[in-house]
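The structure under discussion appears below in the form of structure tokens.
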Amino acid sequence: MKKYIATLAAACAFCSFANAQSVKQEDWGKTKNGEQVKMFTLKNSKGMTVKVIDYGAIITEIQAPDRNGEFADIVLGFDNIKDYQELTDYFGAVVGRYGNRIAEGKFSIGDNDYTLPQNNGVNSLHGGKVGFDQKVWKGEAVATGDSAKLTLKLKSPDGDQGYPGNLDVTVTYTLTNENKLIVNYKATTDKPTVCNLTQHSYFNLYGAGNGNILGHEVMLNADAFTPVDETLIPTGELKKVDGTPFDFRKPRPVGSRIEKADEQLIIGGGYDHNWVLNKKSPGEMSLAARVYEPVSGRMLTIETTEPGIQFYSGNFLAGQTGKGGKNYFFRYGMCFETQHFPDSPNRENFPSTLLNPGETYDTTTVFTFGAQ
Ligand code: BGC
């Protein structure tokens with residue numbers, strides 16, 4: 001049964017049609033454990049649609065216009081909950097409690113040592129074996145005067161995947177009539193813990209399943225990146241991008257240097273690294289990335305309050321069958337994971353991911369969709 005939570009129509013004073021933003025909620029099957037999954041459809045007055053399920057706070061679909069106003073679904077994903085549960089790889093999900101890797105699944109806060117599941121070789125990746133991407137969140141939708149908004153809440157108990165403290169998390173997705181998707185993350189804890197939340201959508205601005213992303217032109221607003229060891233843990237160095245295939249300060253096609261015999265590209269199997277975003281002051285909302293797909297003209301601009309961005313060029317995609325029976329082969333999608341740097345709990349020279357009782361974790365990333 002489809003339930004319309006809220007539909008607001010702002011009638012245009014000078015014309016006969018109405019602009020409307022709305023949020024629709026419907027049942028979307030059950031998890032293996034029998035938990036009901038819901039889908040929320042956010043629409044804006046420009047015809048953009050963003051679909052989100054409460055399992056993993058996953059963005060399952062983004063319909064965005066090209067330069068001729070033709071819409072296409074520009075994120076990879078699946079048609080049913082079973083595939084999301086079986087074909088992991090964090091498609092569209094919010095990852096946490098700690099997005100990215102923590103070396104050997106170990107960190108300390110003061111005199112307390114914590115051990116996390118080692119689910120990525122010897123390291124802990126994206127929150128452990130059962131991260132936030134695999135939890136059913138509590139969703140609540142509202143359409144406001146000028147946007148369609150969905151909040152998703154999750155309680156992560158003390159000791160969840162080895163992390164200390166009861167963590168209360170709220171993620172808010174807001175689709176505005178300016179074709180912006182604003183993602184706000186908030187969290188509080190009752191014990192000192194670490195927190196690093198991000199969004200793991202795989203983008204292909206030519207359309208999900210319609211080929212690889214090597215022709216997309218990417219700009220990353222970063223003078224440095226964090227090189228990694230062979231297990232993808234940062235060495236601690238902030239390396240200048242000058243003269244390396246990691247220099248995206250001017251837009252470059254993803255494929256233009258990805259096959260170069262560069263030690264870091266070989267380790268990552270392509271791009272799978274964290275860039276150190278240029279900021280005037282820590283925590284300011286500033287430009288992180290711009291992506292342009294020349295055939296469709298679609299553009300994506302990413303701004304964030306976070307200090308880093310993991311640009312992952314879909315090197316582990318291996319032909320999974322996704323929406324509409326289309327396959328997601330090697331590098332058919334890419335992620336722009338705004339975040340604190342990997343392994344920050346073990347690196348004093350990286351911005352801190354420590355969250356104390358009484359503090360509120362509060363970060364925002366804005367995805368703006370356009371075309372030219
Ligand atoms: C990581 C990749 C990993 C992928 C899993 C990315 O955030 O950087 O190394 O394979 O997530 O989908």
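FYI, the numbering just counts along the sequence from 1. Note that ligands are numbered from 1 as they come in the structure, with each ligand's atoms numbered from 1 the same way.
Close contacts of ligand 1 with H126, meaning ligand atoms under 4.0 Å from a residue heavy atom, involve 6 (C), 7 (O), 11 (O). Near Y202, with a cut-off below 4.0 Å to any heavy atom, the atoms of ligand 1 are 12 (O). Distances below 4.0 Å separate heavy atoms of E337 from the following atoms of ligand 1: 6 (C), 7 (O).
Look at D160 and K135 and you find a salt bridge, because one of the NZ, NE, NH1 or NH2 atoms lies within 4.0 Å of a carboxylate O, short of that distance. Salt-bridge annotation for E259 and R331: present, with a side-chain N of the basic residue lying under 4.0 Å from a carboxylate O of the acidic one. Of the charged side-chain nitrogens involved, none lies within less than 4.0 Å of a carboxylate oxygen, so that D79 and K323 do not count as a salt-bridged pair. For K191 and D158, the salt-bridge test passes: some basic side-chain N is under 4.0 Å from an acidic carboxylate O. Salt-bridge check for D223 with R249: passed, with a basic side-chain N closer than 4.0 Å to an acidic carboxylate O.
The proximity of D272 to ligand 1, defined as any non-hydrogen pair under 4.0 Å, is limited to the side chain.
Of the protein's non-hydrogen atoms, the one nearest atom 10 (O) of ligand 1 is F316 CD1, 3.0 Å. Atom 11 (O) of ligand 1 has its closest protein heavy atom at H200 NE2, 2.9 Å. At the shortest separation from atom 3 (C) of ligand 1 among protein heavy atoms lies R101 NH2, 4.0 Å. From the protein, the heavy atom lying nearest to atom 5 (C) of ligand 1 is Y90 CD1, 3.7 Å.
Geometrically, ligand 1 and N100 share no nitrogen or oxygen pair separated by less than 3.5 Å.
Summarising the local packing, NZ of K153 is surrounded by 12 or fewer heavy atoms from other residues, nucleotides or ligands at distances under 6.0 Å. Within a 6.0 Å sphere centred on CZ of R290, other residues, nucleotides and ligands contribute 12 heavy atoms or fewer.
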